[in-house]
Amino acid sequence: MSSNEPLQSAQQQGIRYSSKLMTALNRFTGGLSTEVTNPLKTKYGKAYDHLISGDTHRYREEIDVAISYYRMALEHRHDFTEAYLGIAKCFRRKGDTMGAIQYLSKAIEQNNFRKELHLDIAKCYAECGYTAKSIHHYERAIKLDRNSVEARFGLALVVETTDDFDYAIRLYLEIISIEAEFLPAYNNLGSIYMRIGLYDAAESLFRKLVAKAPEFSRGHLGLAITLDKAGKRADAIECYQQVMKMRPSSKNTDFIEKRIIQLNKELGRTKTRRNTTLVLVK
């Protein structure tokens, strides 16, 4: 019986599997038929077997055992990029980010043209506060993949911490041009525009965001604060009230309630639309 016959038999009997299960089964049966010609197995031999054992134990959260197998793989082939990457993932799982950086650096020495390696080490450097090194590797990842939204977003987050708003704005605009539905870019770009006083631009971004994701309360909050800062009190009140409806027990509740009361007072209102007397509790 061929490796695909069980699937064919099941299909003939009218048995239906989920798409995810079918994908997994196809991958498994396909692996059975191509195992003898696996290029990694052919190239790395016993080291590849140790790598697979390391991956298995890592997925089981048996981290120290996984590391030992990855190291055995490296004893057979010191140029095995995947083994260095496996150890780096284990160290990250253990919370040892500097250890992860050490092995990711070795992986990059073996293969400087893998975007994923530069992304991983950029994230690690950012976590450890090495901003310049993080930026370098994010930029390298972008050079390797001009359409990488993940690399641009990570880089934008890092450069924001340096107050390089021009660079961050350019990155967020590039993200939106590549993937128009990547909502965090709208939120973060709107926040930058608001911080530097470009309220019209910020309002436009937040309105696009809430139109695309009406259930995203942070978008409504960003719009409310922008309108508030721009002096558009009545519109700001409506947006604040919308946030309260969506998340009545959020951590921003006290701030929002006080702003609604203050803005109503500034508009000369003594009662809300629900005819409730405005009282600011000190």
Side-chain angles (χ1 to χ4, degrees), residues 119 122-123 125-139 141-142 148-247 249-267 280:
L119 276 174
K123 293 173 185 176
Y125 276 129
E127 289 175 10
C128 294
Y130 292 100
T131 302
K133 290 183 177 181
S134 177
I135 290 173
H136 167 75
H137 285 283
Y138 274 127
E139 289 177 336
I142 292 171
S148 176
V149 168
E150 183 180 4
R152 281 181 172 77
F153 188 68
L155 178 57
L157 294 176
V158 173
V159 298
E160 271 197 69
T161 66
T162 69
D163 291 337
D164 189 349
F165 296 130
D166 289 340
Y167 193 4
I169 288 170
R170 176 161 61 85
L171 289 165
Y172 286 129
L173 288 173
E174 288 175 356
I175 291 171
I176 292 171
S177 69
I178 295 169
E179 189 174 331
E181 300 306 312
F182 191 78
L183 302 182
Y186 292 88
N187 184 73
N188 292 14
L189 180 56
S191 296
I192 290 178
Y193 283 147
M194 180 173 60
R195 289 172 64 184
I196 62 179
L198 298 177
Y199 299 128
D200 289 342
E203 180 182 347
S204 175
L205 261 295
F206 283 120
R207 289 198 182 279
K208 288 179 181 178
L209 176 57
V210 299
K212 289 177 177 289
E215 74 288 350
F216 186 47
S217 63
R218 287 182 61 184
H220 290 276
L221 180 59
L223 178 57
I225 295 174
T226 299
L227 294 168
D228 191 346
K229 288 181 176 292
K232 299 180 180 181
R233 297 181 182 87
D235 291 338
I237 290 170
E238 289 186 7
C239 289
Y240 280 133
Q241 290 172 335
Q242 179 63 28
V243 176
M244 291 291 289
K245 290 178 182 178
M246 298 175 71
R247 300 191 64 184
S249 58
S250 76
K251 64 180 180 180
N252 298 306
T253 298
D254 288 344
F255 163 77
I256 293 173
E257 288 178 340
K258 290 178 180 179
R259 287 308 301 160
I260 290 174
I261 291 173
Q262 182 60 36
L263 290 172
N264 272 303
K265 284 186 174 181
E266 291 174 7
L267 289 171
L280 179 59

Practice task
Apply side-chain contact (heavy atoms from CB on, under 4.5 Å) to H137 and K123, showing your working.
Solution key: CA-CA 9 Å; H137 285 283; K123 293 173 185 176; over 6 Å; no
Acceptor/donor pairs from residues 224-234 side chains to any protein atom, 3.5 angstrom cut, sequence neighbours excluded:
{"residue": "T226", "atom": "OG1", "partner": "G222", "partner atom": "O", "Å": "2.8"}
{"residue": "D228", "atom": "OD1", "partner": "R259", "partner atom": "NH2", "Å": "2.9"}
{"residue": "D228", "atom": "OD2", "partner": "Y240", "partner atom": "OH", "Å": "2.8"}
{"residue": "D228", "atom": "OD2", "partner": "R259", "partner atom": "NE", "Å": "2.8"}
{"residue": "D228", "atom": "OD2", "partner": "R259", "partner atom": "NH2", "Å": "3.2"}
{"residue": "K232", "atom": "NZ", "partner": "E203", "partner atom": "OE1", "Å": "2.8"}
{"residue": "R233", "atom": "NE", "partner": "E266", "partner atom": "OE1", "Å": "2.7"}

Is it true that a side-chain atom of [X] and a backbone atom of [Y] form a donor plus acceptor pair closer than 3.5 Å?
X    : Y    : value
S191 : N187 : yes
S177 : E174 : yes
H220 : P214 : yes
Y172 : R152 : no

Practice task
May I ask you to test the Y193-D200 pair for a side-chain heavy-atom distance under 4.5 Å?
Solution key: no
Minimum heavy-atom separation for [X] to [Y], with atom names?
X    : Y    : value
E215 : M246 : O-CE, 3.1 Å
A185 : I175 : CB-CG2, 3.8 Å
A168 : E160 : CB-CG, 3.8 Å

Practice task
Show your working on side-chain contact (heavy atoms from CB on, under 4.5 Å) between F206 and L209 and close with a plain yes or no.
Solution key: CA-CA 5 Å; F206 283 120; L209 176 57; 4.2 Å; yes
Exercise for the section: Go through Y125 and H136 one step at a time and tell me if the side-chain contact (heavy atoms from CB on, under 4.5 Å) criterion holds. Expected result: CA-CA 10 Å; Y125 276 129; H136 167 75; over 6 Å; no
Completion exercise
Rounded to the nearest 0.5 angstrom, the CG-CD1 distance for N264 and I261 is 8.5 Å
Fill in the blank from the handout: Taken to the nearest 0.5 Å, the spacing of I256 CD1 from K251 NZ works out to 11.5 Å
Practice task
Among I192, V159, L198, find the residue that satisfies the side chain to side chain contact (heavy atoms under 4.5 Å, CB included) test when tested with I169.
Solution key: I192
Handout entry: Step-by-step side-chain contact (heavy atoms from CB on, under 4.5 Å) determination, L183 to F216
Key = CA-CA 10 Å; L183 302 182; F216 186 47; 5.7 Å; no
Handout entry: Sequence-distant partners of E179, side-chain hydrogen bond (donor to acceptor under 3.5 Å, both in side chains), two or more places apart
Key = none
